[in-house]
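Report on one structure; see the data block that follows.
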Amino acid sequence: MCSIHEDNQASKKAITANEERFRALVTATSDIVYIMSADWREMKQLDGRNFLEDTNEPLADWIPKYIHVLDQDKVRAAIDEARRETKIFQLEHRVLRADGTIGWTLSRAVPILDEHGNVREWFGAASDITETKRAEELLKRTKELTEQQKRVYETIANNTPDLMYVFGLDYNFIYANEALLTMWGKSWENAIGKSLLENGYEPWHAEMHEREIDHVRATKESIRGEVSFPHAVLGKRVYDYIFTPVINKAGEVEAVAGTTRDITDIKQNEQRKNDFIGMVSHELKTPLTSLTAYLQLMEKNNPEQQNPLTKKILEQSVKQTRRMTNMINGFLNLARLESGKMFIESAPFELHNFLEEIAEETHMLYSQHRFVFPEIKSVIVTGDTGKLAQVVNNLIGNAVKYSNLGSQITISATVEHDELKISVTDEGTGIPQEEISRLFNRFYRGQNNNLIAGFGIGLYVCREIIEAHGGKIWVESIAGKGSTFSFTLPTSK
Ligand code: ADP
């Protein structure tokens, strides 16, 4: 039988051995190491590894010192469970670090039993998992964000009437939105991973898109096109489409995304509008031509017998009908342009005569500006005189419209390096720099000209006529000082 003294000696020895083991463990591991009393009320010791503050004396109030307030209940519950079942305590939880910030640990503690099988104390180790937790947290948030974005994109893509799709580089579809699936009358499973042909496109159509995919891939640039083909339900439709490269991080094209819009109605409306403009202009032109002819006849008929007032009225009437004719010609040209029916009838003509006629008309129409026309030698150029005269008249008309009465308008013409260049310079309002690129667009009107009548088609028609001749048209201008509109035409044709 052992004496009490021997018992004490033995347990002292055991404790010393335990302490030694604890110290060895502390030295061997980089983890935080701790010892808790059997009921976890007291922390006997904790080596915090600079991560947590050390505890060298038994400490009763350890929970508020070490555990983040929001995780305290969780920690207590895990302790209760480990104690109840005398099993390993294991928990990831937030802690208050030695530097006052919040960190994360994975903490494990094992019960140490005495010879009667009762828990004497708990040995614990905790590793710093703050970085892992942060990374996990970030990943979770990124995932949530990605999923949310995916939901947003899917909602957009599936609720637009436009067709949206993505081709892989093997020309097979890797994405198609609801509108496209409906148009095909197919489900996702039946359509994705399939080629254009397999999705019912005619061979010419599939071939065309495949070449366009090649083009986008080679140039890394978007392309736009128009195509008409039959819709499963709606019949023949016109579509406007854009193919855009999807570029990966390495800068390579990894797929080609496309959107297609049904523009049948827009096209039909435009056509109706053009037909209307064309028809009205045409109908107006016939009586106007007769009117002009009658007026000219009257003007020429016995001018000496006319009283000064009648003479003036006749002069003005001829002038106004001429203006109206120019305007109607503009509309007719627009309508012809839009329906692709504007033809250039090129023929050689004498530049000198051409400009003389323009000068005559200009002097007749505009009496309140000073005009300077060029002195030029006889030279033959080729082009559609009627249409070119419209261009020059238009530029002169604009110069008059956008400059003060009494100011000078200079017309110049040069032929150099197989190129004819005609310019019209005014001392008018000029054009703000930011408007210049849009000036030749259809229906574009300057922002500051609300009080000046116009339709914004003159320069558009001019550009189309000049480009149809193989020439160029542009403007140089200083706001407040004046503008020079110039065009060139190749003369060697
Ligand atoms: P419109 O004169 O009917 O508006 P245009 O197509 O002839 O249409 O001209 C487009 C725009 O270009 C005009 O609205 C005007 O702002 C600008 N513009 C054209 N010519 C001149 C000019 N000589 N000086 C200043 N601005 C001009």
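Whatever order the structure lists them in is the order used to number ligands and atoms, beginning at 1. Quantities reported herein were computed from a predicted structural model and do not represent experimental measurements.
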Name the residues in contact with ligand 1, where contact means a heavy atom under 4.0 Å away: which are they? Asn398, Ala399, Lys401, Tyr402, Asp426, Thr429, Gly430, Ile431, Leu439, Tyr444, Arg445, Gly446, Asn449, Gly454, Phe455, Gly456, Ile457, Gly458, Leu459, Ser483, Phe485
Tell me whether the rings of Tyr165 and Phe243 are parallel (<30°), tilted (30 to 60°) or perpendicular (>60°). perpendicular
Here the side chain to side chain donor-acceptor pair (under 3.5 Å) pairs for residues 432-442, sequence neighbours left out, are Glu338-Arg442
Does atom CE of Met298 have more than 12 heavy-atom neighbours from other groups under 6.0 Å away? no
Electrostatic pair Lys140-Glu136, nearest N-O below 4.0 angstrom: no
Listed pairs under 3.5 Å, donor-acceptor, residues 366-374 side chains, sequence neighbours left out:
from: His369; atom 1: NE2; to: Ser403; atom 2: OG; distance (Å): 3.1
from: His369; atom 1: NE2; to: Asn404; atom 2: O; distance (Å): 3.0
from: Arg370; atom 1: NE; to: Gly406; atom 2: O; distance (Å): 3.3
from: Arg370; atom 1: NH1; to: Gln408; atom 2: OE1; distance (Å): 2.8
from: Arg370; atom 1: NH2; to: Gly406; atom 2: O; distance (Å): 3.4

For residues 233-254, pull every pair meeting salt bridge (charged side-chain N to carboxylate O under 4.0 Å, His left out), keeping only residues two or more places apart or in separate chains. Arg224-Asp240, Arg237-Asp262, Arg237-Asp265
